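Please read all numbers here as calculations on a predicted model, not as lab measurements.
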Amino acid sequence: MPVGAARERAGGHPRAVPAVYEVGPNGAPVDETPGTPPPFEPYRVKVVERLPNPTAAEREAALERAHYNLFQLRSDEIRIDLLTDSGTNAMSDRQWAAMMVGDESYAGSRNFTRFESVVRKLTGFPHIFPTHQGRAAENLLFSTLCRPGSVIPNNMHFDTTQAHVLHNGGRPVNVATAAAYDPDLDAPFKGNVDIGALTRLLDLEGSEKVPLVMVTITNNTGGGQPVSLANFREVSKVAHARDIPVYLDMCRWAENAYFVREREPEMRGRSIAEIGRAFFDLADGATMSAKKDGLVNIGGFVATRDADVAARLNEAQILFEGFTTYGGLARRDLEAMAVGLEEATELEYLEHRIAQVRFLGERLSALGVPILRPVGGHAVYLDVHRFLPHLSDEELPGQALVVEIYREGGIRTVEVGSLMFGKEGDGGGPSLELVRLALPRRVYSAAQIAYVAEAVGRVFARRAAIRGLRYTHRPAHLPHFTARFAPSEEVAAKVP
Ligand code: F0G
């Protein structure tokens, strides 16, 4: 990204957008800015939660007990938790107030009516079915539309999306552009679909085999990178020409819209809601985890324009989630979701959100830490191959790095690579080995983020001494949640 570009894009919120602070070949900053200024938080604190502060010895004991899998840690063993931005958001005072007007009727709750009208207004989709979270929406959609032998294209499947396609006998195929697989390439829309690859796949498989095309905005698996409106328009054209419906995985749609506003001239200056609507108008439906851009701790939905599909989704919803007007949630959750979905479109909130993620990325870059560029919407991703080039893939370098960052600063992160997706890479395509530092929304301060950057910088400084890990237990499905590991020397020592 050219120096100064971020500043220019800031548009009226100078404190929220850090100056660009890039590092030259000798490790010195190429910009003369004396440090990246922290972004200004457009909120103040009303309730506080004490942060745990485990000692080095406690962290070491926790790692052993958890078999070096950070999903197995207890939250009181963690100082800063960047495992995920999902369901970890801080709700606003308006959302907490909304919880108090919960109408816990089994059927016909007024909270459902409110929720439905907000989602209809934002998306234009007529049929909306609440679910308890995103993968439940995926369960309803894929159990309804995906059959054994189906082929599901997606720019890049998230792990749960891939798992639901496979669970229903389908074959997930990733069709992101080559740019998505080059962590060092700075391009504005690395989430885009490769239209040529999609066209060839649809021509090869035909509409009988492809029940839907999915596009994930932003592309979480590929670094939280946005999809352009122009690209999505092409996807919609190619699929609709073959009578194939297009569904959005819209978990982070507001963050995607922010990047579109910033980077795509035709949408410059438009509101987030308008940009979102431009995407939704091209789609036939969507799955949503409101635990992301719905600013809640639990909730989601699946939506469609197709009345026949809607009837089947409704049946599946009642079977798996609950009645139409609550779908696996307390009704008060629907009210909080209605407020959160609208708050997530507020420009000042999003400016800070994106600036905060960039702040972390720029602090890390200033320390020479290799990150996936450009910085995405919800997380900074470390480029594992460049961070730990001395470790082979068998030594699970991503997981080894996750362990070291916890050991150093009590910071929990997550591997997004061959451990999460499997070596075969069911969705296909070359492999990316990343460690994700996901920022929960409205949760951590700039000082806490600076602490994270410093800790990761210290790990980077001692990277040559970092050793790999080996599996001691490897489950068949979604292995990253429950796999067990041991330092590779230890396992080697036990082998006669
Ligand atoms: N789609 C995408 C792109 C996601 O990032 C997620 C969840 C889901 C679907 C499933 O939603 O968790 O509500 O069931 N991502 C979380 C993460 C777990 O950490 O990235 P869910």
Side-chain angles (χ1 to χ4, degrees), residues 83-92 94-99 101-102 109 111-125 127-141 158 160-161 164 214-218 220 224 247-258 272-273 276-277 279-280 283 285-304 313 317 320-346 349-350 353 377-379 438-443:
L83 180 71
T84 180
D85 62 321
S86 180
T88 51
N89 307 307
M91 291 212 298
S92 69
R94 288 188 291 156
Q95 286 177 288
W96 282 109
M99 299 281 278
V101 295
S109 163
N111 306 129
F112 173 74
T113 311
R114 164 97 196 276
F115 158 79
E116 186 186 42
S117 72
V118 167
V119 179
R120 272 203 191 130
K121 190 178 80 185
L122 288 172
T123 65
F125 297 132
H127 308 287
I128 296 142
F129 304 98
T131 60
H132 77 276
Q133 61 181 80
R135 71 199 67 181
E138 290 169 349
N139 181 25
L140 303 190
L141 184 69
F158 182 64
T160 58
T161 325
H164 276 287
M214 194 116 193
V215 177
T216 306
I217 55 171
T218 56
N220 183 15
Y247 280 73
L248 282 165
D249 177 336
M250 59 175 281
C251 297
R252 299 180 179 87
W253 74 274
E255 290 165 4
N256 196 84
Y258 183 86
I272 297 301
R277 194 55 189 267
F279 275 81
F280 301 130
T287 55
M288 173 70 176
S289 168
K291 298 168 75 174
K292 285 86 168 171
D293 280 355
L295 292 171
V296 286
N297 304 120
I298 196 75
F301 58 84
V302 54
T304 185
L313 288 174
Q317 180 199 28
F320 293 119
E321 288 288 285
F323 187 64
T324 321
T325 58
Y326 72 88
L329 293 163
R331 274 55 71 194
R332 57 183 175 272
D333 293 326
L334 294 170
E335 194 74 27
M337 210 176 0
V339 176
L341 284 164
E342 292 204 306
E343 285 184 358
T345 67
E346 288 167 10
Y349 150 74
L350 273 172
R353 163 85 180 140
H378 66 295
L439 293 188
R441 295 168 184 78
R442 308 190 289 208
V443 170

I'd like to check Pro130 versus Glu321 (side-chain heavy atoms, cut-off strictly below 4.5 Å). Are they in contact?
no

Ignoring hydrogens and angles, state whether a donor on the side chain of His378 or Asn220 is under 3.5 Å from an acceptor on the partner side chain.
yes

What heavy-atom pair brings Asn89 and Val443 nearest, and what distance separates the two atoms?
C-CG2, 4.1 Å

Could you check Thr304 against Phe125 for side chain to side chain contact (heavy atoms under 4.5 Å, CB included), going step by step and ending with a plain yes or no?
CA-CA 6 Å; Thr304 185; Phe125 297 132; over 6 Å; no

Roughly how far, to the nearest 0.5 Å, is the NE2 atom of His127 from the CZ atom of Arg120?
8.0 Å

Backbone N or O of Val215 within a donor-acceptor pair of the Asp249 side chain at under 3.5 Å?
no

Is there a side-chain contact between Glu116 and Leu334, using heavy atoms and a 4.5 Å cut-off?
no

Do Ile298 and Gln133 have side chains that approach each other closer than 4.5 Å (heavy atoms only, starting at C-beta)?
yes

From Arg331 CZ over to Met99 CE, what is the distance, rounded to the nearest 0.5 angstrom?
12.0 Å

Taking the side chain as everything from C-beta on, heavy atoms only, tell me whether Thr287 gets closer than 4.5 Å to Tyr247.
no

OG1/Thr161 to CZ/Arg135 distance, rounded to the nearest 0.5 angstrom?
9.5 Å

Only one of Arg441, Lys291, Lys292 clears salt bridge (charged side-chain N to carboxylate O under 4.0 Å, His left out) with Asp85; which?
Arg441

How close do Ala254 and Ala344 get, counting heavy atoms only, and between which atoms?
CB-O, 3.4 Å

Quick check: closest heavy atoms across Leu329 and Gly299, and the distance to 0.1 Å?
CD2-CA, 3.8 Å

Phe301 vs Met250 side-chain heavy atoms within contact, under 4.5 Å:
yes

Pairwise distance CD1(Ile272) to CD(Glu255) - rounded to 0.5 angstrom
10.0 Å

In terms of heavy-atom contacts, Ser289 and Ser86 come closest through OG-OG, 4.3 Å

Side chain to side chain contact (heavy atoms under 4.5 Å, CB included) assessment of Leu341 paired with Met288
CA-CA 11 Å; Leu341 284 164; Met288 173 70 176; 3.9 Å; yes

What is the minimum heavy-atom distance between Val339 and Ala98, and which atoms define it?
CG2-CB, 3.8 Å

Is the backbone N or O of Ala336 less than 3.5 Å from a side-chain atom of Gln95, with the two atoms forming a donor-acceptor pair by type?
yes

Do Trp253 and Leu122 have side chains that get closer than 4.5 Å, going by heavy atoms?
yes

dist Leu350:CG -> Asp293:CG (nearest 0.5 Å) comes out at 7.0 Å

Can you tell if the side chain of Asn256 reaches within under 4.5 Å of the side chain of Phe279, non-hydrogen atoms only?
yes

Between Ser92 and Glu343, which heavy-atom pair has the shortest distance, and what is it?
OG-OE2, 2.7 Å

With rounding to the nearest 0.5 angstrom, report the CG to OG1 distance, Leu439 to Thr88.
9.5 Å

Asn111 side chain near Tyr326 side chain, heavy-atom distance below 4.5 Å:
no

Relative to the ring of Phe115, is the ring of Phe112 parallel (under 30°), tilted (30 to 60°) or perpendicular (over 60°)?
tilted

Can you tell whether the side chains of Arg94 and Glu346 come within less than 4.0 Å, N to carboxylate O?
yes

